[in-house]
Structures are given as structure tokens and as C-alpha cells.
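Accompanying notes for the structure given below.
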Protein chains: 2
Amino acid sequence: MSPRKQAQNEQMRAEALGKINGAALKVFARYGYHGATMKQIARATGLSYGLVYHYFPSKEKVFCSLLDFALEIPMAALNAVFDAPGTAWEKIENLSAILVGDSKSGESSLYFFFVLQAMTQGKGIPGVPGLIDKRLTAYYEKFIPFLIQAQKSGEAVKGDPAALTAAYFSFVQGLALLAFQGKGMEKKITPGILLSVLRNGQSRVKA
Amino acid sequence: MSPRKQAQNEQMRAEALGKINGAALKVFARYGYHGATMKQIARATGLSYGLVYHYFPSKEKVFCSLLDFALEIPMAALNAVFDAPGTAWEKIENLSAILVGDSKSGESSLYFFFVLQAMTQGKGIPGVPGLIDKRLTAYYEKFIPFLIQAQKSGEAVKGDPAALTAAYFSFVQGLALLAFQGKGMEKKITPGILLSVLRNGQSRVKA
DNA sequence: GTCTATACACTGATAGAC
DNA sequence: GTCTATCAGTGTATAGAC
């Protein structure tokens, strides 16, 4: 095999994988794991049915591979925000802006909703609960220390940090659901609404 | 047909319907519409497979009938709370306590989660989106006037009432999802956390 | 009303030609 | 790598005995 051909093959492979993942995202997000069919996914790629199975051994693998990628997105946001300079509360403000924005906009919102599908239906699919648990725990562990810091500075509300964190991320998922309803209501949701769950109402507020 | 027999039949009918709905709730909530099978539901009732089809013409009807009932529960809470005496804000406080409680406790939380399944997967199921839209609109219409009133009294935060209402109910659904994760995190969620979305942080707070 | 057995369609996955 | 054709298994719904 010449290097030329190898490079070509790799590119084709990458293209095909990209198409499949993109199609799977749309179909799984809309119909859920059991509601989606490999036929639908194949049709959405434009490629043939059998070719999908050339790249993925099973429907389950397509789903889990995509889920792994989708769960990475909020983690990337968490890392980006919390590793940047600023106070703990400012970081939480920035995160809220990103999460609310992502839950509304085109592709990110699809990923968010796909994760929601995985969480609601995933208990019957091998590998899915484990993936979700692992990632969710990672979100929490990254988030909580900064929340505690913001509580100490008086900007975040008092209360069990773990409970507040769980509520915060649950809210984000609720907003993803709202966005998927497609009534346009999500456009009016501001980061401030999400932040209100954590904000200390008794403190002085900026003008 | 003697009245005696008729009464007996009606009771049997009611019993069977109750069993089917109860079983369907558990199975649909756990596996979603497409993930659940009529075989599972039949087994969970203890009745035979064919008998389920004696009472319901299709899987879709079982689902929609149950969904209609499930969507009634929050509406009943809304009516109970808002038709009772008290200020608008007190009513919203009471509602929050009920919703948070229901999202945690046994059977109500199953219904909440079943509705979540219907919302995530329902777009492919005839009749489901219509049912959900109708009810959700009813929730909003009942809720918004009281929120506006609470905004005027200064207890609720300023902002688009429709957006705040959408956020509020989205949060409730997020909490239902949290409860279904079964990590026990939901036990630490208080009505106050839900209320914080609507509470005016700039106003004086009770001691 | 209640059950078992079956028809029919569809889906996930594979085989094998090109 | 790409495709079509096919298999085996499963799911909804129905038929018909009791």
C-alpha cells in the first residue's frame, strides 16, 4: 500500500465516520435509541446500509461512541471556564452563559438533547449508564469546589453544594428539553435565569 | 344481562384497566415508548398478552391514555393551589413544594418521568405532541397571571413572565430526570431551590 | 372475558458480489 | 471500500378456542 493511497483511505474513512456520526446525532436525538433505526441513519448519511456496519459493529456502538463525544462538550466548557482567570463566581457566570447559549443554538442543542435521550432511555442499553455516571460525576467534581468558593465570598447562595450543583445541571437539561420543543420559548431564556439557582439573593447586587 | 352481572363486569373491567395502566406506567417510564414492549406490559399486569388488546386497541392508545392521565396531575396541583386563599407568591411557594415533593416521591415521580419520556420521544408518536402542547399551554396560562401579580408585589423577580414560567416548569422536569437517576441526589433538593428561579433577590427576605 | 397460537411486518446484523 | 440481498429474531396485532 503506497502512502498516497493510505492517506486517501484515511480521509475517506474520516469523512464516512463524520457523516455517520452527524446522521446518527440527528436521528437518535429525534427518535431516541429504540425509536431510531439503522436504516434511517444510513439514509441520512447518503451512504448505503451495509457501509454503516463496515464502520461500526453495531447500533449500540454508534450510539455509545456518539454519546461519549456529546458528553465531552460540557466538560470542555467546564475546563475552559474554570481554568481561565477570574473569581469563582465570574467563572460560574461564564459557564452559565455558555450552557444557556449551547442549549439554544443549532448543533450544540442537538447534542444536549441527544444526551437527554441517552439519560431517559439509557438504562436498558449496556454501557450507557456507566458512561453517563462517569461524566456527570466529573462535571460535579470540577464544579463544586468553585461553587464552595463562591459561597464563601457570599456571591453564591448558602446550602449543600452537591444539591445545588445537581439542581444547576438538572436545570440545564430542562432547558435543553425546552429548546427541543421548538416553540421558540428558549430564545427568551437568559443566563441570569439559570444563575438565579445559585445566586445569593441576600447579597448586594451590581447596578 | 342482569344488573348483578353487569356490575361485576364493570368492576372487572375497572380492575383490569387499573392493572394495565399501572404496569404500562412502570414499563413506559423505564424503557420509553419504543423501548417498551406489549409483552413486558402484559407480563407486568399478570394478565395474558391478548387481554391487553381486549382493553386497548393498540400500544399507542395505552400510551396516550396514560399520558393524558399523567398530564392531569400537575394541572390538578395548579388548580388546587391557585384556587386556594393566599397571596400570589404564597401560592407559587405552595406549588413549588408540591412539585418538588412529587418529583421525588414514588408514584408521582414515575408519572413525571413518564411525561419526560413522552416529551423526548413523542414527536414520532401520533397524538402525543398535541396532547403535550395542549396541557403545557394550560399550565402556562394558569400560572402566568399569578406570577405577574407576584412581580407587582415585588416578591417575584422582574422579567418576561412567559420566559420565567417556561424556565420554572423546565426546571421541574430537570428535577424529575435527576430523581430518576436514582443516585439519591434528589432528596436534597428543596422547594426553595426551585423557587429561586422566580424569587426577587433584591427584595427583603423573611427571617 | 380470558387465554394460546399465529400472521405479518420490520429491524439488526451478515454474506458475498463488485 | 461500497453495495444489494438475505437471515434470524422480535414486535405488534389478530384469530379463534374455551
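Lettering of chains follows the sequences in order, A, B, ..., and the numbering in each one begins at 1. Note that the structure is a prediction, hence the values are computed from the model and not measured.
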Determine whether more than 12 heavy atoms belonging to other residues, nucleotides or ligands lie under 6.0 Å from atom NZ of Lys142(B).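 Above 12, so yes.
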Over 12 foreign heavy atoms within 6.0 Å of NZ, Lys152(A):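 Atom NZ in Lys152(A) is not crowded, with 12 or fewer foreign heavy atoms closer than 6.0 Å.
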Gap between atoms CD1 and C1', on Ile41(B) and dA13(D) respectively (whole Å):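 Ile41(B) atom CD1 is separated from dA13(D) atom C1' by 14 Å.
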Take the protein atom NZ of Lys39(B) and the nucleotide atom C1' of dA13(D), then report the distance between them rounded to whole Å.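 Lys39(B) atom NZ is separated from dA13(D) atom C1' by 14 Å.
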Which residues share a side-chain contact (heavy atoms from CB on, under 4.5 Å) with Ala156(B), sequence neighbours left out: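 With sequence neighbours excluded, Ala156(B) shows a side-chain contact (heavy atoms from CB on, under 4.5 Å) to Trp89(B), Leu147(B), Ala150(B), Gln151(B), given in chain and number order.
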Cation over ring face, Lys59(A) and Tyr33(A), 6.0 Å, 45°: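 Output yes; distance and angle both within limits.
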Given the ring of Phe112(A), does Lys104(A) sit roughly above its face, with NZ or CZ under 6.0 Å from the centre of the six-membered ring and within 45° of the axis?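 Ring-cation test returns no.
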Going 5' to 3' along DNA chain C, which are the first and last nucleotides with any atom under 4.0 Å from a heavy atom of chain B?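 Going 5' to 3' along DNA chain C, contacts run dG1(C) to dT4(C).
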Determine whether any donor atom in the side chain of Tyr53(B) lies under 3.5 Å from an acceptor atom in the base of dA15(D), or the reverse, and answer yes or no.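 Between dA15(D) and Tyr53(B), which were checked side chain against base, a qualifying N/O pair under 3.5 Å is absent.
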How is [X] classified with respect to the nucleic acid when contacts are heavy atoms under 4.0 Å: base, sugar-phosphate, or nothing?
{"X": "Ala36(B)", "value": "sugar-phosphate"}
{"X": "Thr37(B)", "value": "sugar-phosphate"}
{"X": "Phe56(B)", "value": "nothing"}

Are Phe63(B) and Phe114(B) an aromatic pair by the rule of ring centers under 6.0 Å?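 Centroid distance Phe63(B)-Phe114(B): below 6.0 Å, so yes.
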Contact under 4.0 Å: Lys59(B) side-chain N or O vs dT12(D) OP1/OP2: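 For dT12(D), OP1/OP2 do have a side-chain N/O of Lys59(B) under 4.0 Å.
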Where along residues 118-129 of chain A does a heavy atom fall under 4.0 Å from DNA chain C?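 The stretch gives none, as no residue of it lies under 4.0 Å from the strand.
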Could you point out which residue of Tyr140(B), Tyr139(B), Phe82(B) forms a ring pair (Phe, Tyr, Trp, His ring centres under 6.0 Å) with Phe146(B)?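 The option that passes is Phe82(B).
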Name the one of Leu136(B), Val128(B), Leu67(B) that satisfies side-chain contact (heavy atoms from CB on, under 4.5 Å) with Met119(B)?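 Testing each of Leu136(B), Val128(B), Leu67(B) against Met119(B), the sole residue satisfying side-chain contact (heavy atoms from CB on, under 4.5 Å) is Leu136(B).
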